[in-house]
Every structure is written in C-alpha cells, then in structure tokens.
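Note sheet for the following structure.
Residue numbers begin at 1 in each chain, while the letters A, B, ... track the order of the sequences.
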Number of protein chains: 2
Amino acid sequence: MLHRQRRFLTAGDIQHELNGVDAKVALSTIYRTLEHLKSRGDIATRIDDAGEAAYIYCEPDHHHHHAICRKCGRVDDVDCTTMEQFAHSVLASSGFALDGHDMEFTGTCATCR
Amino acid sequence: MLHRQRRFLTAGDIQHELNGVDAKVALSTIYRTLEHLKSRGDIATRIDDAGEAAYIYCEPDHHHHHAICRKCGRVDDVDCTTMEQFAHSVLASSGFALDGHDMEFTGTCATCR
DNA sequence: ATATTTGCAAATAATTTGCACGTAA
DNA sequence: TTACGTGCAAATTATTTGCAAATAT
C-alpha cells in the first residue's frame with residue numbers, strides 16, 4: 001500500500017488507509033512493520049506540523065530530497081547532485097567541513113496548480 | 001541563557017543549564033517560555049535524532065539555515081539567498097511551484113577540525 | 001511442531017494543562 | 001487588590017513493549 005502512495009502518511013493514516021472505517025490492523029503491527037521497512041532502507045521519515053512522524057516509501061540510500069505539495073500532499077523526488085556540490089562551495093568559505101545535508105521543499109505540484 | 005548558547009537544546013538540556021544538578025525551574029515553565037519565544041519569532045525548533053524537540057535562539061524570520069557540528073553541536077548560520085534561487089531553477093523544470101524550503105547541514109565546524 | 005506475526009493492553013516518555021500559590025503592579 | 005508567572009501533579013498523546021493467541025513454515 002505504501003508503495004502506491006506518493007505522500008507522507010502517519011501511523012494513523014496508514015491504519016485508516018488499510019482498514020477504512022473499522023480498524024483491523026493494530027497500530028503496534030504498523031509501527032513494527034515501519035521499523036522493519038526502515039531497517040531495510042525502504043522508507044523515509046519526517047515529522048509533520050503536528051509533531052507526528054510520517055512515512056513515505058522511497059529509497060533513502062539513493063540520496064535525494066522531497067518536494068511536498070501544500071494542497072494534495074503529493075511528494076516529488078528531487079535529485080540533489082548539483083545541489084550538493086553547490087552547498088559544498090557555499091560552505092567552504094565558512095570553514096565548515098560539510099559531510100551531510102537535509103532538504104525539504106514545499107509548494108504546489110504541477111497537478112494542483 | 002539561550003541567547004548565549006550557539007547550539008540546539010532540548011527542554012531537559014535547558015533545565016540542566018539553568019539549574020545545574022538540582023532543578024529549580026519546572027519543565028512546564030520552560031515549555032511555556034519556549035512557546036512564548038516561538039510566538040515572538042525568537043527561536044527555531046528541530047527534532048533531534050532521539051525524536052525530541054530542540055531549540056535555538058535565532059531569528060527565523062530572517063530566513064537562513066543551520067550547519068550543525070557533529071562533534072560539538074555548535075550551529076553556524078548559513079545564508080540561503082543564492083541557494084534559494086538555485087532551488088527555484090532546479091525545480092522549475094519539474095513543474096513544481098516552490099514557495100518554501102528547509103535545509104540543514106551537518107559536518108565539522110572550523111574549531112573542531 | 002516450531003518459528004514468526006499479530007492484537008491487545010499496559011508501560012514509556014515528551015509535552016500540555018488545571019489549579020493553587022506566590023509575586024509583582 | 002488584581003493580574004500574571006510558577007511549580008506541582010495529573011492528563012494527554014504518540015510510540016514501544018510484554019505476552020498470549022493466531023498464523024505460517
């Protein structure tokens with residue numbers, strides 16, 4: 001199911017998606033499955049505006065970033081190769097030895113415009 | 001106290017900083033003060049690796065990003081003007097109308113190298 | 001039969017809130 | 001006095017865990 005979704009879902013969202021109105025899958029099962037998927041490197045996590053963890057099926061090992069539509073929540077993957085080099089050069093002057101970065105974009109996707 | 005610190009502190013960290021070993025300021029007071037500071041636009045928040053909220057005194061309205069040293073935790077501010085234009089052009093081709101972004105860098109600061 | 005997964009309920013832990021008390025204007 | 005900030009304890013909420021029943025190998 002996660003594989004079909006192109007947006008971030010909380011544990012509760014996932015439960016609703018799986019079960020409709022009446023819950024059939026326990027939250028504990030969902031959390032355990034999410035942990036399993038994370039250890040396999042199959043999902044990315046973020047904290048939403050309410051402070052709740054949200055999950056999306058993707059390949060975090062293939063380093064990339066996410067553009068999240070404010071209207072429909074759909075997530076587009078954004079390649080970061082060039083961005084990474086750029087960030088390096090920007091920070092080089094400050095003496096900060098960069099070894100990682102994390103970016104997230106928000107806006108309106110092509111469909112919602 | 002926050003103004004003097006150049007790193008992200010959790011509510012618990014703040015309590016320890018203020019009181020040393022024996023606590024004199026209640027956590028509820030700290031949370032309420034943090035909320036107050038946030039509404040004034042005086043602090044930025046992030047979620048640390050343990051999933052706990054961490055706070056730093058800065059001016060989020062003056063849009064910028066943070067470079068966090070992996071060794072000492074010190075935070076350097078990173079201007080984003082050029083980065084922003086760059087992100088715009090990268091995303092323009094995907095049809096995604098960018099209206100915001102969030103970036104965080106990690107590495108080793110000039111002092112710790 | 002044996003190992004693994006599940007649901008349920010209880011435990012955890014960060015954060016929030018109610019309330020009585022102290023402090024300041 | 002009157003409004004406001006504080007501490008404490010209880011409530012809230014997402015997440016984790018123990019355990020017994022269910023399912024799969």
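Distance CD (Glu35(B)) to C1' (dG5(D)): 14 Å, rounded to an integer number of Å. Remark: P of dG7(C) and CD of Gln15(A) are 9 Å apart, rounded to the nearest angstrom. Here dT16(D) presents its P atom at 11 Å from CG of Leu27(A), a figure rounded to the nearest Å. For Lys24(A) and dC8(C), the NZ to C1' distance is 18 Å, given to the nearest whole Å. The distance from atom CG of Asp49(A) to atom P of dA14(D) is 15 Å, rounded to the nearest whole Å. The separation between Ile47(B) atom CD1 and dA14(C) atom C1' is 10 Å, rounded to whole Å. Rounded to whole Å, the distance from CG on Leu9(B) to C1' on dT15(C) is 17 Å. The distance between atom CG of Leu34(A) and atom P of dA14(D), rounded to the nearest whole Å, is 15 Å.
A side-chain donor-acceptor contact under 3.5 Å links Arg74(B) and Thr111(B). Side-chain contact check for Arg70(A) and Thr106(A): at least one donor-acceptor pair (N or O, by modelled atom type) lies under 3.5 Å.
A perpendicular orientation is assigned to the rings of His63(B) and His101(B), their planes being inclined by more than 60° (bins at 30° and 60°).
Of the side-chain N and O atoms in Tyr31(A), none sit less than 4.0 angstrom from OP1 or OP2 of dT16(D).
Both Tyr55(B) and Thr33(A) sit near DNA chain C, but only Thr33(A) has its closest nucleotide nearer the 5' end. Residue-to-nucleotide proximity on DNA chain D shows that, of Arg32(A) and Gly12(A), the 5′-proximal contact is made by Gly12(A).
Ranking dT17(D), dT15(D), dT15(C) by closeness to the Ser28(A) side chain, first place goes to dT17(D). When distances are taken from the side chain of Glu52(B) to each of dC8(D), dT15(D), dT15(C), the shortest belongs to dT15(C). Distance from the side chain of Thr29(A) is smallest to dT6(C) among dT15(D), dT15(C), dT6(C).
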Could you please spell out the steps behind the side chain to side chain contact (heavy atoms under 4.5 Å, CB included) verdict for Ile56(A) and His66(A)? CA-CA 10 Å; Ile56(A) 195 171; His66(A) 293 128; 4.2 Å; yes
Is there a side chain to side chain contact (heavy atoms under 4.5 Å, CB included) between Arg7(A) and Cys72(A) once you walk through the steps? CA-CA 9 Å; Arg7(A) 60 198 175 98; Cys72(A) 70; over 6 Å; no
